[in-house]
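One-based numbering along the sequence shown. Quick note: numbers below take in every heavy atom, side chains included, and nothing from hydrogens, waters or symmetry partners.
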Amino acid sequence: MNIKTHRIAAIATLAACALGGGTPALAAPGAAPEPPPASTPNHDRDHNRTASLPAQGLFAGDQLTAATRSRIDALIAEAQDMRIEVVLVVPTGPWTIDGGTHKDNDLTRARLANVRRYLAGHGLDPRRIFVERRTDKRVREPHLEVQLVGEMHQD
């Protein structure tokens with residue numbers, strides 16, 4: 001399991017505990033762990049929906065462009081079969097946050113706040129929308145990932 005998948009799994013576990021109002025159940029010492037129910041899908045695809053958006057053309061000033069809004073709308077539509085527990089907004093790559101001018105930093109914060117506000121406007125709980133900055137020196141072009149993490153609806 002890579003670090004990204006591990007981090008998402010940890011956040012999803014914490015979110016599930018928060019929704020369930022408890023802590024993860026621990027097995028008694030010496031007890032055999034319970035196998036997961038057979039009907040529970042065990043694929044990340046069933047628990048995540050992600051859009052990776054190149055930074056170029058995402059914003060006009062600090063507002064989302066129409067193309068960006070339509071990509072986020074498509075991601076949310078794709079996740080209609082899920083109960084969203086956590087939303088991660090992840091600017092990745094060489095964004096001007098650290099080391100930029102005060103005006104650049106304010107604009108970046110305003111842009112991320114507008115992404116959060118747009119997601120919340122679609123009915124996603126603003127208390128479950130988190131911004132996580134990832135720096136990776138190997139990434140040459142900045143991009144924004146929007147990850148929806150949750151469970152499939154049980155019909």
Side-chain angles (χ1 to χ4, degrees), residues 1-24 36 40-154:
M1 181 182 298
N2 66 31
I3 291 174
K4 183 176 176 182
T5 305
H6 179 69
R7 185 178 296 160
I8 291 171
I11 290 171
T13 301
L14 290 173
C17 291
L19 290 175
T23 58
T40 303
N42 195 19
H43 304 287
D44 283 345
R45 174 80 177 124
D46 293 329
H47 302 288
N48 295 325
R49 299 294 186 271
T50 303
S52 184
L53 312 168
Q56 186 82 24
L58 282 178
F59 301 97
D62 63 349
Q63 300 299 313
L64 297 170
T65 63
T68 303
R69 289 191 305 267
S70 72
R71 294 275 309 268
I72 292 173
D73 291 345
L75 175 66
I76 292 171
E78 183 183 330
Q80 289 300 312
D81 58 344
M82 294 174 54
R83 185 182 76 205
I84 305 300
E85 295 172 354
V86 176
V87 179
L88 298 175
V89 177
V90 186
T92 304
W95 289 77
T96 305
I97 294 176
D98 300 326
T101 66
H102 179 66
K103 185 176 180 181
D104 291 337
N105 292 341
D106 288 344
L107 185 59
T108 300
R109 285 187 190 97
R111 288 174 170 182
L112 293 172
N114 282 330
V115 172
R116 290 186 73 199
R117 200 172 4 257
Y118 189 76
L119 290 164
H122 281 284
L124 299 172
D125 185 352
R127 295 171 297 172
R128 297 189 181 274
I129 300 173
F130 301 97
V131 175
E132 177 184 316
R133 181 167 179 248
R134 294 187 189 150
T135 55
D136 187 348
K137 295 186 187 296
R138 295 173 291 175
V139 176
R140 297 286 179 219
E141 295 296 319
H143 62 277
L144 182 72
E145 288 185 14
V146 180
Q147 301 173 346
L148 307 178
V149 181
E151 295 180 351
M152 301 301 286
H153 283 295
Q154 302 295 325

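At least one side-chain heavy atom of Arg49 sits less than 4.5 Å from a side-chain heavy atom of Asp81. Considering only heavy atoms from C-beta on, Asp73 comes within 4.5 Å of Tyr118 through its side chain. Counting only heavy atoms from C-beta outward, the side chains of Leu64 and Phe59 approach each other to under 4.5 Å. Put simply, the side chain of Arg116 reaches to within 4.5 Å of the side chain of Val131, judged on heavy atoms. At least one side-chain heavy atom of Leu148 sits less than 4.5 Å from a side-chain heavy atom of Leu124.
Here the shortest heavy-atom pairing between Met82 and Asn48 reads CE-N, 4.2 Å. Listed here is the closest heavy atom pair of Thr68 and Gly57: OG1-O, 3.7 Å. When all heavy atoms of Asp62 and Ala110 are compared, the closest pair comes out as OD2-CB, 3.6 Å. Across every non-hydrogen atom of Glu85 and Arg128, the tightest pair is O-CD, 2.9 Å.
Looking at His143, its side chain never comes within 3.5 Å of a backbone N or O of Ala55 through a donor-acceptor pair. Remark: side-chain polar atoms of Arg117 are not paired, donor with acceptor, to backbone N or O of Pro126 under 3.5 angstrom.
For the atom pair CD1 (Ile72) and CG (Leu53), the distance works out to 6.0 Å, reported to the nearest 0.5 Å. Between the CD atom of Gln147 and the CG atom of Leu75 there is a distance of 9.5 Å, given to the nearest 0.5 Å. Going from atom CG of Leu112 over to atom CD of Glu132 covers 12.5 Å, rounded to the nearest 0.5 Å. Note that CZ of Arg69 and CD1 of Ile76 are 12.5 Å apart. Values are rounded to the nearest 0.5 Å.
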Please evaluate residues Asn114 and Arg111 with respect to the criterion side-chain hydrogen bond (donor to acceptor under 3.5 Å, both in side chains), reporting the C-alpha separation (whole Å), side-chain torsions for both, the decisive distance (0.1 Å), and the verdict. CA-CA 5 Å; Asn114 282 330; Arg111 288 174 170 182; over 6 Å; no

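Remark: Asp125 engages Arg127 in a side-chain hydrogen bond (donor to acceptor under 3.5 Å, both in side chains) (not counting sequence neighbours).
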